Amino acid sequence: MLAASDQRLVDLGYKPEFRREMSLWGVLGMSFCSIGILTGMSASFQAGLFAGGPLGLFWGWNICSLFMFLIALSLAEICSSYPTLGGLYFWVCKMKPNLPILGFCTGWIYSIAMVFTGTSGNLSIALYIASMVEVGRGRSMTRAEIVAIAWASNIFTGIVCTIGTKAIGRMSTFNVWWTLGGTFVLVIALLVKAPVKNSATFVFTDFENFTGWGNRGFVVLLGFLQAIYTLEGCETAAQVAEESKRAEFLAPLAVAGSIAGSWLIGLAYMLTLLFSIQSISSIQATTYALPIAQLFYDAVGPSTCHRMMATITAFAASSRLFYALARDNAFPAKEKYMALNRFQAPYWGVWTSVAIGCIISCAYIGSAIAFNAILSSATTSVMLSYLQPIIIRVFWPDSVVPFNLGQWSWSINLASFLFTTFICVLFVLPTAYPVNVLNMNYSIVAVGGLLVIVAVNWVTWGRFSFVGSVQTITSEKS
């Protein structure tokens with residue numbers, strides 16, 4: 001007698017391959033890890049501080065959190081109907097089986113987006129460590145040394161992901177409590193140690209602009225990168241749906257719940273940072289690898305551990321996407337990428353993610369602005385992946401039947417569609433003026449290159465081999 005989750009998987013045409021070892025906390029932890037409030041906000045804090053200041057950071061966080069929660073509801077609605085490995089990719093294939101190009105593009109874009117996300121996380125670890133070295137020993141690390149640390153982090157991430165589901169699930173469960181405890185410790189430490197506490201007027205109304213652009217509204221919008229980069233990743237729970245108990249219930253709960261929880265936890269951390277800022281100009285002029293180290297270098301230690309877990313989550317997700325794509329003939333070397341080791345890990349996908357991550361991180365050797373480009377590229381690629389299933393829900397609202405958000409479903413999906421489209425355009429625009437080779441937003445090159453790669457793959461190979469999701473078992477045979 002099959003369990004309910006395995007029976008649902010069989011009904012969808014797939015043979016259960018993974019052991020279901022993840023509990024609610026493990027699945028929820030996957031999304032919390034991928035979101036990474038402490039580290040995501042710390043790594044990208046300067047993006048909002050220099051483009052909008054405290055005003056932009058506070059109001060941008062709440063506005064973006066609201067819309068990201070609507071996006072999470074849209075994705076949770078679909079996830080409850082299709083609790084399978086592959087997430088966004090599989091959903092698109094099932095909702096529009098007559099347009100296989102949509103599923104193919106979603107799978108490839110989202111797979112590489114997860115690699116971008118993992119790469120940005122590992123580079124963040126290297127920057128945290130470089131900041132610690134400069135604070136503790138007074139020596140600035142070279143960009144080559146920082147990239148070497150990022151490579152080591154990539155390799156360690158690959159080793160952990162190769163261990164398999166049980167280890168990642170346990171670490172994810174631990175990460176939920178680590179996030180809560182870490183936030184509490186950092187908030188108390190900042191409030192106790194900060195020599196001067198800023199006024200409410202400063203926190204809620206102070207506007208700063210280091211971008212060169214003259215339009216205040218546009219400058220504040222540029223600062224949205226900090227919030228969106230921090231909050232993306234709620235859908236990661238769907239990547240381990242075939243490895244979790246009661247997936248049809250736990251996965252969508254984790255998708256929506258992780259954003260709601262992150263909104264509140266992030267707000268507490270954000271307000272604490274803003275009330276504790278001593279000098280914005282000193283943060284802007286810092287020599288530390290990560291500007292927030294100038295504000296509070298004590299936070300680097302616990303944040304480093306947390307960011308490591310976030311990158312493990314991203315690479316775990318990308319490896320399972322490669323598995324899903326190979327299973328459906330949307331990825332080459334099918335036998336290799338579907339192979340599982342004795343730890344139940346798709347190791348070919350894991351180490352492909354690691355290799356690509358190492359290559360991308362080398363861009364930082366050439367220029368420090370590559371870090372911001374990787375942040376923007378990761379964010380834009382993930383949002384592009386969100387866009388496709390949401391588009392289907394807006395223009396073909398009857399494509400998902402088993403569960404929906406009732407009378408609010410179409411309105412929520414429309415709002416999610418409009419906001420996601422807006423963000424995808426916003427984050428490839430120039431972030432500084434006048435634009436030159438040193439301050440150009442190179443995410444337009446990275447994202448454009450990604451779209452070209454996907455298009456070429458579809459035209460030369462995908463359209464001949466990929467016809468949609470391939471069933472590995474039929475309900476009759478089961």
Side-chain angles (χ1 to χ4, degrees), residues 8 12 31 34-35 60 62-84 86-107 109-110 113 221 224 227-239 241 247-263 317 321 379-427 468-469:
R8 176 57 180 156
L12 290 170
S31 287
S34 187
I35 292 173
N62 287 288
I63 291 171
C64 291
S65 293
L66 173 61
F67 279 100
M68 290 300 284
F69 182 66
L70 296 181
I71 290 173
L73 289 177
S74 297
L75 299 180
E77 177 184 53
I78 306 171
C79 183
S80 67
S81 301
Y82 304 115
T84 62
L88 303 172
Y89 152 73
F90 183 84
W91 304 342
V92 171
C93 288
K94 282 296 184 183
M95 289 190 291
K96 289 302 291 180
N98 59 321
L99 288 175
I101 186 175
L102 293 181
F104 183 90
C105 292
T106 302
I109 291 173
Y110 188 57
L221 291 176
F224 277 16
I228 301 297
Y229 174 74
T230 302
L231 288 168
E232 69 177 16
C234 67
E235 79 295 339
T236 310
Q239 303 306 326
E248 68 281 357
F249 171 73
L250 297 187
L253 180 63
V255 169
S258 59
I259 289 292
S262 297
W263 184 353
L321 276 163
T379 306
T380 306
S381 301
V382 172
M383 296 300 280
L384 278 173
S385 304
Y386 290 171
L387 188 60
Q388 296 180 77
I390 293 174
I391 284 176
I392 295 174
R393 292 292 294 134
V394 171
F395 294 102
W396 295 277
D398 295 330
S399 53
V400 176
V401 178
F403 172 80
N404 58 59
L405 298 169
Q407 62 179 343
W408 297 102
S409 178
W410 190 82
S411 299
I412 290 174
N413 281 293
L414 178 62
S416 301
F417 163 68
L418 294 175
F419 182 75
T420 305
T421 303
F422 174 72
I423 290 298
C424 289
V425 174
L426 176 66
F427 286 170
S469 57

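As a basis for the values below, the full set of heavy atoms in this structure was taken, side chains included, without hydrogen atoms, waters or symmetry mates. The shown structure was predicted, so the numbers you read here are calculated from the model rather than taken from an experiment.
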Legend entry - Pairing residues for Ser409 by the side-chain contact (heavy atoms from CB on, under 4.5 Å) criterion, not counting sequence neighbours: Glu77, Arg393, Asn404, Leu405, Asn413
Legend entry - Test item: side-chain donor near acceptor, Gln388 and Tyr110, under 3.5 Å: no
Inset, instruction - Over all heavy atoms of both residues, which pair between Ser74 and Ile390 is shortest? Give the atoms and the distance, please. - result: CB-CG1, 4.3 Å
Inset, instruction - Can you sort out the partners of Leu414 under side-chain contact (heavy atoms from CB on, under 4.5 Å), two or more places apart, ordered by chain and number? - result: Val394, Trp410, Phe417, Leu418
Legend entry - Partner set under side-chain contact (heavy atoms from CB on, under 4.5 Å) for Trp408, not counting sequence neighbours: Ile412
Legend entry - Minimum-distance pair of heavy atoms, taken over all atoms of Ala76 and Val255: N-CG1, 4.0 Å
Inset, instruction - Hey, could you give me the CG/OG distance between Asn62 and Ser65, rounded to the nearest 0.5 Å? - result: 6.0 Å
Inset, instruction - With sequence neighbours excluded, tell me which residues meet ring-ring contact (aromatic ring centres under 6.0 Å, His included) with Phe419. - result: Phe67
Inset, instruction - Identify the heavy atoms of Cys93 and Gly103 that sit nearest to each other, and give their distance. - result: SG-CA, 3.8 Å
Inset, instruction - Considering non-hydrogen atoms only, spot the tightest contact between Ala72 and Ile259 and give its length. - result: CB-CG1, 3.8 Å
Legend entry - Spacing of OG belonging to Ser385 relative to CD1 belonging to Ile109, to within rounding of 0.5 Å: 6.0 Å
Inset, instruction - Would you give the length of the straight line joining atom CD1 of Ile63 to atom CE of Met68, rounded to the nearest 0.5 angstrom? - result: 14.5 Å
Legend entry - Residues which pass side-chain contact (heavy atoms from CB on, under 4.5 Å) with Leu99, listed by chain and number, not counting sequence neighbours: Lys96, Leu102
Inset, instruction - Kindly say whether Met383 contributes a backbone atom to a donor-acceptor pair with the side chain of Thr420 at under 3.5 angstrom? - result: no
Legend entry - Over all atoms of both residues, closest heavy-atom pair of Cys234 and Ile35: N-CG1, 4.0 Å
Legend entry - Rounded distance [0.5 Å steps], CG in Leu66 versus CH2 in Trp263: 4.5 Å
Inset, instruction - List the atom of Ala227, the atom of Gly60, and the distance in Å for their closest heavy-atom pair. - result: CB-O, 4.1 Å
Legend entry - Point-to-point distance, once rounded to the nearest 0.5 Å, from CZ of Phe69 to OG of Ser258: 9.5 Å
Legend entry - Residues which pass side chain to side chain donor-acceptor pair (under 3.5 Å) with Thr230, listed by chain and number, not counting sequence neighbours: none
Inset, instruction - Let me see the working for Trp91 and Thr106 under side chain to side chain contact (heavy atoms under 4.5 Å, CB included), right down to the final yes or no. - result: CA-CA 10 Å; Trp91 304 342; Thr106 302; over 6 Å; no
Inset, instruction - Step by step, work out the side chain to side chain contact (heavy atoms under 4.5 Å, CB included) result for Glu232 and Tyr386. - result: CA-CA 10 Å; Glu232 69 177 16; Tyr386 290 171; 4.2 Å; yes
Legend entry - Value rounded to 0.5 Å, distance of OG1 in Thr421 from CG in Leu387: 4.5 Å
